[in-house]
Amino acid sequence: MAIEDFLAEPHVATLTTLRPDGSPHVVAVRFTWDGQAGLARVLTVDTTRKARNLVTGPGGRAALCQAVGFRWMTLEGLATVHDAPGRVAEGARRYTARYGAPPPAPPGLVVIEIAVDRITRLNLR
């Protein structure tokens with residue numbers, strides 16, 4: 001199976017960020033992949049631990065891992081949190097296209113953008 005096809009399937013992944021003490025914070029998320037831009041996007045609320053980890057530790061990296069049976073892929077890179085309406089709207093548009101329904105829109109909605117610079121995978125081409 002091709003990478004782009006796998007990343008278009010509507011699965012959940014785990015997102016790993018680092019807490020201020022350096023310990024990993026791992027949480028299940030929905031995400032989107034923009035292969036042309038090399039960006040993975042995760043919508044969340046600005047008060048969540050994952051967002052706070054990245055805001056308090058600018059320059060932080062994150063890893064997204066999607067696994068389905070014996071196929072898996074991890075996307076790693078520099079992660080930043082954005083509240084700009086255009087960026088959040090792009091994240092929501094892509095989320096709707098991938099998952100078939102719009103995301104929740106609570107107050108404080110932000111988008112985590114991961115500039116992917118490393119991809120590891122198994123049983124994908």
Atom pair CZ/CG of R94 and L39 - distance to nearest 0.5 Å: 8.5 Å

Atom pair OG1/CZ of T17 and R61 - distance to nearest 0.5 Å: 13.0 Å

Short N-O contact, E4 and R125, less than 4.0 angstrom: no

R52 with D46: basic N within carboxylate O range, under 4.0 Å: no

Heavy atoms only: give me the nearest [X]-[Y] pair and the separation to one decimal.
{"X": "N53", "Y": "T56", "value": "O-OG1, 3.5 Å"}
{"X": "A51", "Y": "V81", "value": "O-CG2, 3.9 Å"}
{"X": "G77", "Y": "D117", "value": "CA-OD1, 3.8 Å"}
{"X": "L18", "Y": "P24", "value": "CD2-CA, 3.9 Å"}
{"X": "G60", "Y": "L78", "value": "O-CD1, 3.4 Å"}

For R30, side chain to side chain contact (heavy atoms under 4.5 Å, CB included) partners two or more places apart: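 Residues passing side chain to side chain contact (heavy atoms under 4.5 Å, CB included) with R30: V12, Y95, Y99.
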
Partner residues of V88 under the side chain to side chain contact (heavy atoms under 4.5 Å, CB included) criterion, sequence neighbours left out: L43, L109, V111

Quick one: are [X] and [Y] in side-chain contact, heavy atoms under 4.5 Å?
{"X": "D34", "Y": "R41", "value": "yes"}
{"X": "I112", "Y": "K50", "value": "yes"}
{"X": "T74", "Y": "R121", "value": "no"}
{"X": "I119", "Y": "M73", "value": "yes"}

Exam field: side chain T96 to backbone A92, donor-acceptor pair closer than 3.5 Å: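 The answer is yes, because a donor-acceptor pair under 3.5 Å joins these two groups.
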
Under 3.5 Å: donor-acceptor pair, side chain of R19, backbone of G22: no

Set of residues satisfying side-chain hydrogen bond (donor to acceptor under 3.5 Å, both in side chains) with respect to R87, sequence neighbours excluded: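 Listed in chain order: H82, E113.
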
Counterpart residues, side-chain hydrogen bond (donor to acceptor under 3.5 Å, both in side chains), relative to Q66 (two or more places apart):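 Residues passing side-chain hydrogen bond (donor to acceptor under 3.5 Å, both in side chains) with Q66: R98.
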
L64 and its side-chain contact (heavy atoms from CB on, under 4.5 Å) partner, picked from V29, L7, V116: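 Only one of V29, L7, V116 forms a side-chain contact (heavy atoms from CB on, under 4.5 Å) with L64, namely V29.
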
Single-linkage hydrophobic cluster V45~L54, side-chain heavy atoms < 4.5 angstrom: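 No, V45 does not connect to L54 through the hydrophobic network.
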
Pairs flagged by ring-ring contact (aromatic ring centres under 6.0 Å, His included) wherever residues 19-47 is involved - sequence neighbours left out: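 Output for this query is empty, none listed.
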
Inter- and intrachain pairs under ring-ring contact (aromatic ring centres under 6.0 Å, His included), touching residues 50-76, at least two apart: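 Qualifying pairs: none.
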
